[in-house]
Amino acid sequence: MVENTDVVVIGGGYAGVMAANRLTQRDDVSVTLVNPRPTFVHRVRLHQLVGGTAAAVVDYQDVLAEGVRLVVDSVTRIDAVGRGVELAGGGAVGYEYLVYAVGSGSADPQVPGAAEFAYPVAGLEEARRLLPVLGAAPASAAVTVVGAGPTGIETAAELAEQGRNVTLVCGGVLGPYLHRRGRRSVAGRLAALGVRVVEGEAAKVTAVTRDAVRLADGRKLPSAVTVWTVGFGVPDLAARSGLSTDELGRVLTDETLTSVDDDRIVAAGDSAAPSGLPLRMSCQTAMPLGARAADTVLSRLAGERPETLNQSFGAQCISLGRGAGIFQFGNRSDNAVWFHIDGRLGARMKETVCKGIVQHLADEAHKPGGYSLHRMKGGAGRREALRAMRAGAPAVERIS
Ligand SMILES: Cc1cc2nc3c(=O)[nH]c(=O)nc-3n(C[C@H](O)[C@H](O)[C@H](O)COP(=O)(O)OP(=O)(O)OC[C@H]3O[C@@H](n4cnc5c(N)ncnc54)[C@H](O)[C@@H]3O)c2cc1C
């Protein structure tokens with residue numbers, strides 16, 4: 001009789017769903033996916049949810065392989081010694097292998113008043129909480145978006161396109177990742193949408209009140225609705241469970257995505273820190289890492305040596321409302337280069353990417369093992385960065 005191997009995947013986002021689907025390649029693997037909601041959150045569309053142009057959810061039926069058991073619950077603790085996870089609902093699930101893919105959410109704002117009066121958009125429930133607040137505010141009311149990374153830019157553009165009176169407070173430069181040419185293009189589009197962009201260190205938000213934001217240089221900007229998009233944080237589940245993490249709480253792994261503490265645990269997506277040198281938090285990374293994590297488990301089951309990461313980046317794409325977008329190309333070290341595609345073509349490309357993400361997951365559900373972007377040639381930039389890091393600091397060593 002063939003013995004079954006139980007694999008538990010924590011987190012049904014891009015990384016977790018990709019991993020769960022891929023693991024169904026083997027009939028003797030039983031996959032359980034634990035996720036707090038019965039629907040898949042298409043996070044890269046959450047700014048559209050806020051702007052009223054997308055729901056940002058997809059039925060698991062459309063993206064999850066039939067063979068995966070979905071448990072709608074939250075994991076409250078990982079018992080690495082006993083190989084089990086405890087659930088908020090009271091139960092527990094045992095595993096032979098665990099995929100840790102709890103993703104990210106809004107970072108703790110650490111600015112007085114922000115937790116009380118500002119609205120984050122990094123998670124489904126948060127974005128939904130903002131909707132009635134916007135609905136209750138008159139169209140002319142001042143809306144301040146704090147943070148000018150991709151989420152802030154996308155949210156500001158989306159709201160402005162809906163006729164809102166938007167100020168984007170960057171707290172530094174607009175789109176730190178962007179090349180100066182790309183930044184100029186984004187600034188031009190935001191200006192055309194009527195977004196007032198406040199740049200510079202002096203314009204860091206130091207306090208948020210019910211009706212204003214205060215800046216480091218003393219300025220007070222009236223703000224009927226304040227949207228907070230400054231950075232991502234990760235759940236503290238791994239740290240609370242005694243696993244080694246980086247300072248943010250991402251699971252420390254080697255380049256096969258195996259936890260440095262336990263070779264029965266692999267991590268993927270925004271909540272993984274391979275070699276202590278985490279990749280840019282993005283969907284662009286989460287799906288290949290999910291596939292890589294699954295491959296690591298499958299290799300171990302087959303008695304083979306798992307392959308290592310060879311992740312490379314090509315671009316960052318940002319939507320600028322429904323009518324425009326920018327595809328900012330980068331080099332192999334993930335630094336922006338002079339070349340970008342913007343305007344309507346940029347918007348079409350971004351939309352193709354958003355649809356493509358769901359299609360990749362659906363394809364992997366129907367034909368597990370078909371996804372291959374994580375195996376593409378590349379990763380030279382990462383290898384260089386690892387060499388540089390190891391030359392300056394000790395490498396992450398496996399503890400057991
Ligand atoms: C508005 C917005 C726009 C974005 N646009 C882009 C973009 O254009 N391109 C791009 O590459 N990236 C983009 N991102 C970032 C991208 O969404 C994230 O990097 C990506 O979602 C990470 O994928 P993940 O699978 O690691 O985690 P997630 O997608 O965050 O999924 C993690 C899942 O784990 C669940 N979970 C958490 N804790 C537990 C627990 N204890 N038990 C069980 N389940 C748990 C969560 O509820 C969630 O369902 C955007 C993000 C936002 C907010």
Side-chain angles (χ1 to χ4, degrees), residues 8-20 32-51 54 56-58 60 70-78 85-89 93 98-107 120-127 130 145 147 149-158 177 227-229 231-238 240-241 249-251 267-272 278-290 293 313-319 325-328 349-351 353-354 356-357 361:
V8 169
V9 179
I10 314 178
Y14 303 108
V17 169
M18 175 55 79
T32 301
L33 174 68
V34 186
N35 191 69
R37 281 165 233 94
T39 41
F40 174 82
V41 180
H42 198 5
R43 278 184 72 198
V44 305
R45 288 204 193 271
L46 282 178
H47 57 290
Q48 284 187 251
L49 177 112
V50 169
V57 288
V58 176
Y60 272 122
L70 175 66
V71 172
V72 179
D73 211 326
S74 284
V75 173
T76 50
R77 197 175 83 89
I78 300 163
V85 297
E86 294 167 14
L87 304 177
V93 190
L98 180 72
V99 180
Y100 186 83
V102 297
S104 62
S106 310
V121 292
L124 179 69
E125 291 74 17
E126 292 172 336
L130 174 58
V145 177
T151 307
I153 292 172
E154 289 189 322
T155 306
E158 209 72 37
Y177 176 87
V227 183
W228 197 265
T229 73
F232 287 164
V234 303
D236 64 356
L237 174 64
R240 270 194 291 113
S241 304
R250 293 173 281 214
V251 169
D270 285 0
S271 53
L279 297 126
R280 167 150 57 91
M281 284 191 188
S282 62
C283 172
Q284 208 182 133
T285 316
M287 292 210 300
L289 290 192
F313 289 91
Q316 184 177 75
C317 51
I318 302 175
S319 65
I326 182 163
F327 228 81
Q328 169 65 73
M349 288 169 77
K350 169 82 193 222
E351 183 54 26
V353 167
C354 290
I357 291 165
L361 294 175

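Just follow the structure's listing: the first ligand is 1, and inside any ligand the first atom is 1. The analysis underlying the following values was restricted to heavy atoms, covering all of them including side chains, and did not include hydrogens, waters or symmetry mates. We number each residue from 1, following the sequence as shown.
Contacts between Ser104 and ligand 1 below 4.0 angstrom, taking non-hydrogen atoms only, involve the backbone exclusively. Contacts between Thr151 and ligand 1, counted as non-hydrogen atom pairs separated by less than 4.0 Å, involve the side chain only. Of the heavy atoms in Ser319, none comes closer than 4.0 Å to ligand 1. Contact annotation: for Ala286 versus ligand 1, heavy atoms closer than 4.0 Å belong to the side chain alone. At a heavy-atom distance under 4.0 Å, no atom of Gln316 approaches ligand 1.
For the ligand labelled ligand 1, residue Cys317 lies inside the 4.0 Å heavy-atom shell. Distances shorter than 4.0 angstrom occur between a heavy atom of Phe232 and an atom of ligand 1. Using 4.0 Å as the threshold, Val41 has no heavy atom nearer than that to any atom of ligand 1.
The main-chain N or O of Gly12 is found under 3.5 Å from a side-chain atom of Asn35 such that the two form a donor-acceptor pair.
Close approach to Met281 involves these atoms of ligand 1, each under 4.0 Å from a residue heavy atom: 19 (O). For ligand 1, the atoms sitting less than 4.0 Å from at least one non-hydrogen atom of Arg37 are 47 (O), 49 (O), numbered in the order shown with element in parentheses. The distance from ligand 1 to the heavy atoms of Gly12 drops below 4.0 Å at these ligand atoms: 33 (C), 34 (O). Of all atoms in ligand 1, numbered sequentially from 1 with element shown, those under 4.0 Å from a heavy atom of Glu154 are 3 (C), 5 (N).
Donor-acceptor pairing under 3.5 Å is lacking for the side chains of Arg240 and Thr76.
The side-chain tip of Arg45 does not point at the ring of Phe40 from less than 6.0 angstrom away and within 45° of straight on.
We find the CG-CG distance between Leu279 and Leu289 to be 5.5 Å, quoted to the nearest 0.5 Å. Between atom CZ of residue Arg77 and atom OG of residue Ser241 there is a gap of 6.5 Å, rounded to the nearest 0.5 Å.
Of the polar atoms of Val75, at least one N or O is found under 3.5 Å from an N or O of ligand 1, judged by distance alone.
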